[in-house]
Structures are given as C-alpha cells and as structure tokens.
Amino acid sequence: MVNSLKRSISKTEKKKIKHARVKKTILLAFKEIIDEFGAENVTMNLLAERTALSRATLYNYFESKEDLFIKLGIEAYDILTKKFEKATVKSKSGIENVEALGYAFIDFHTKQFFYRKALDYAGESYKKINIQIERLNSEKDQLKMERLKKILQNFEMHEMQFVKIWTFTIQQAIDDQTIRQDLSAPILAMTIGTLMTGLLDELLNRSSLMPNFAQASQNIIEIVMDFIKKGLKYEK
C-alpha cells in the first residue's frame with residue numbers, strides 16, 4: 001500500500017511538471033506571435049498552429065487570449081517589483097529612495113519595451129474579463145465565473161506588490177520629512193506614476209517618428225525629474 005501511494009504521488013507530480021512545462025511553452029509561443037504579428041493580430045488559432053496543439057488543448061491551460069495577456073502583465077509587474085526592491089537602500093534618505101524608484105521606473109519603460117506594452121494589454125484584458133464575469137453572473141455560470149475571478153485576483157495581487165513598495169517608499173520620505181507632508185503617500189504615488197507614465201509614453205511615440213530624438217528624450221526626462229523633485233520638496 002505504501003509503494004502504491006508512492007507511485008500515485010509520483011504520477012501526480014509528473015502530471016504537474018508536464019502541465020507547467022506545456023503552459024510555459026504556450027506562453028513563450030504567445031510572446032513570439034506578439035513580436036511577429038502584433039498583439040492585435042494574436043488568435044488562439046495562430047497559437048494552436050505555433051504550438052502544434054489543438055484549440056481544445058489550449059483551453060485546458062488558459063481560459064482565453066485575455067488570460068494569456070494577464071499572465072504577461074503579471075510577469076511585467078514582477079520585473080518592475082524586482083527593479084524597485086533592488087533600487088531602494090535603507091541607508092538612503094526618503095527622497096533619495098523615491099528618486100531611485102523614479103529612475104527604476106524609467107529604466108523599465110525604456111529597456112523593457114515588450115513588458116511595458118504587456119501592462120497595456122493586460123489592462124485591456126482585465127476590463128474584458130470583468131465584462132465576461134458580469135455576463136456569466138446573469139447566466140448563473142458560477143464555475144467559469146469563479147475561474148475568471150481567480151485570474152483577476154492573481155493579477156491584482158502582483159500589481160499590489162508593486163504599488164505597496166512605491167507607496168511605502170513615499171511614506172518613508174514623508175516620515176523622515178525629506179518630501180512634502182500635505183499630501184498622502186497614495187495620492188503622491190498615483191500622481192508621480194501618472195506623470196511619469198504619460199511622459200514616457202509620449203516620448204516613446206515621438207521617438208518612433210523622430211529617430212534622432214533619443215538625446216532630447218533623455219534631457220526632457222531629467223528636466224521633468226527635477227520638476228518632480230522640486231514639487232516634492234519639504235517646506236519648513
């Protein structure tokens with residue numbers, strides 16, 4: 001009976017390993033298709049052809065194309081979170097760590113272009129899955145609705161890990177009085193994040209139209225970073 005149990009556990013583990021391996025293969029193929037054809041042209045038929053799997057088999061691993069985009073968004077947040085964790089140093093002042101996170105954010109946007117766009121794809125997919133959940137709720141399809149909710153909850157968890165580091169670092173800067181204290185950490189985090197994202201997206205759009213815009217972009221980033229630092233300055 002013990003040997004039988006061991007064999008059973010072994011088979012279960014092998015099944016899990018195979019499942020994880022196939023999921024990884026599908027996600028890798030998904031990234032390749034995005035690179036080759038663009039996110040807007042990705043289809044499950046194209047993915048089935050690339051992986052040599054049937055559409056039915058693909059749906060055993062992922063709920064939909066939107067589920068795959070959400071997985072890419074999770075990878076993107078994990079990369080960004082690691083950059084943030086690496087950028088902060090306990091011995092630095094609050095404003096120095098806030099500035100370090102700002103540059104880590106810029107580095108992600110400029111050097112991790114694929115994953116920067118993955119956050120956009122994931123955001124759109126998040127909205128679509130929410131709409132699906134609302135429809136399924138009216139249709140009383142509880143099982144599928146719960147599976148979709150778990151997809152969104154997993155995404156939210158990874159997003160919040162990134163947001164927590166960002167907000168916590170700003171709160172430390174408020175506490176050590178190296179930045180202004182009249183606004184809350186969440187408000188400042190959202191404001192700075194929105195400013196930086198808007199700026200970097202605009203610079204990216206202009207760079208695609210003006211190949212020699214790279215140096216000007218760097219200068220503009222430095223100017224805006226200086227503006228943000230001055231805006232955050234603590235006035236005694």
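Side chains are part of it too, since the values below use all heavy atoms of this structure and drop only hydrogens, waters and symmetry mates.
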Using the side-chain hydrogen bond (donor to acceptor under 3.5 Å, both in side chains) definition, which of the options Glu156, Glu159, Glu66 pairs with Tyr126?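 Result: among Glu156, Glu159, Glu66, Glu156 is the only option passing the side-chain hydrogen bond (donor to acceptor under 3.5 Å, both in side chains) with Tyr126.
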Does a side-chain N-to-carboxylate-O contact under 4.0 Å join [X] and [Y]?
X	Y	value
Lys71	Asp67	yes
Asp78	Lys82	no
Arg50	Glu36	yes

Going through the checks in order, is the salt bridge (charged side-chain N to carboxylate O under 4.0 Å, His left out) test met by Lys229 and Asp226? CA-CA 5 Å; Lys229 282 176 68 177; Asp226 189 54; 5.5 Å; no
Here's a test for you: under side-chain contact (heavy atoms from CB on, under 4.5 Å), which of Leu203, Leu199, Thr110 qualifies with Ser217? Leu203
Taking the side chain as C-beta and beyond, is there a heavy-atom pair between [X] and [Y] under 4.5 Å?
X	Y	answer
Phe105	Leu200	yes
Ile133	Lys144	no
Asp120	Lys117	yes
Lys233	Arg180	no
Asn137	Gln142	yes

For the residue pair [X] and [Y], what are the closest heavy atoms and their distance?
X	Y	answer
Ile26	Thr51	CA-CG2, 4.1 Å
Asp201	Arg116	OD2-NH2, 2.8 Å
Leu119	Ala76	CD2-CB, 3.6 Å
Phe155	Ala122	CE1-CB, 3.8 Å
Ala48	Ser54	CB-C, 4.2 Å
Ala189	Thr167	CB-OG1, 4.0 Å

Go through it in stages, so that I can follow the logic: the residues are Glu13 and Lys18, the test is salt bridge (charged side-chain N to carboxylate O under 4.0 Å, His left out), and I'd like the CA-CA distance, side-chain angles, deciding distance and then a yes or no. CA-CA 9 Å; Glu13 288 303 315; Lys18 182 183 176 183; over 6 Å; no
Can a donor-acceptor pair be found between the side chains of [X] and [Y] at a distance below 3.5 Å?
X	Y	answer
Asp175	Gln171	yes
Ser93	Glu96	yes
Tyr115	Glu75	yes
Thr194	Thr197	no
Tyr61	Lys24	no
Thr43	Asn45	no

CA sep, side-chain torsions, deciding dist, call: Val22, Leu53, side-chain contact (heavy atoms from CB on, under 4.5 Å): CA-CA 10 Å; Val22 175; Leu53 297 169; 4.1 Å; yes
Quick check for you: to the nearest 0.5 Å, what is the distance between [X] atom [atom1] and [Y] atom [atom2]?
X	Y	atom1	atom2	value
Ile106	Leu101	CD1	CG	11.0 Å
Met160	Thr81	CE	OG1	11.0 Å
Ile129	Ile70	CD1	CD1	4.5 Å
Ile151	Ile74	CD1	CD1	9.0 Å
Lys83	Lys111	NZ	NZ	7.0 Å
Ile33	Met44	CD1	CE	9.5 Å

Can you tell me how the ring of Phe69 sits relative to the ring of Tyr121, calling it parallel under 30°, perpendicular over 60° and tilted otherwise?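 Tilted.
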Looking at Phe108, Tyr77, Phe162, Tyr103, which hits ring-ring contact (aromatic ring centres under 6.0 Å, His included) with Phe84?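 So, applying the ring-ring contact (aromatic ring centres under 6.0 Å, His included) to Phe84 and each of Phe108, Tyr77, Phe162, Tyr103, only Phe162 qualifies.
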So does [Y] get a backbone contact from the side chain of [X], meaning a donor-acceptor N/O pair under 3.5 Å?
X	Y	result
Lys65	Val42	yes
Asn41	Phe37	yes
Gln181	Ile174	yes
Asn97	Thr169	no

Test Leu195 against Val224 for side-chain contact (heavy atoms from CB on, under 4.5 Å), laying out the working first. CA-CA 9 Å; Leu195 282 171; Val224 172; 5.8 Å; no
Cluster question for you: counting only ILVMFWY and a side-chain heavy-atom cut-off of under 4.5 Å, with indirect links fine, are [X] and [Y] together?
X	Y	result
Ile170	Leu183	yes
Phe30	Phe114	yes
Leu80	Met190	no
Phe168	Ile179	no
Leu72	Leu28	no

Just one of Lys128, Lys149, Arg147, Lys150 clears the salt bridge (Lys or Arg N to Asp or Glu O under 4.0 Å) bar with Glu63, so which one? Arg147
Could you please spell out the steps behind the side-chain contact (heavy atoms from CB on, under 4.5 Å) verdict for Glu32 and Leu47? CA-CA 10 Å; Glu32 290 173 353; Leu47 186 57; over 6 Å; no
Given Met196 and Ile228, is the side-chain contact (heavy atoms from CB on, under 4.5 Å) satisfied, shown in steps? CA-CA 10 Å; Met196 294 303 299; Ile228 291 173; 3.5 Å; yes
May I ask you to check if Lys23 and Phe62 form a cation-pi contact, with NZ or CZ under 6.0 angstrom from the six-membered ring centre and within 45° of the axis?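 Because its charged atom sits under 6.0 Å from the ring centre and within 45° of the axis, Lys23 does stack over Phe62.
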Other residues, nucleotides and ligands only: do more than 12 of their heavy atoms fall within 6.0 Å of CZ on Phe227? no
Heavy atoms of other groups near Met157 CE, more than 12 under 6.0 Å: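 More than 12 within 6.0 Å, yes.
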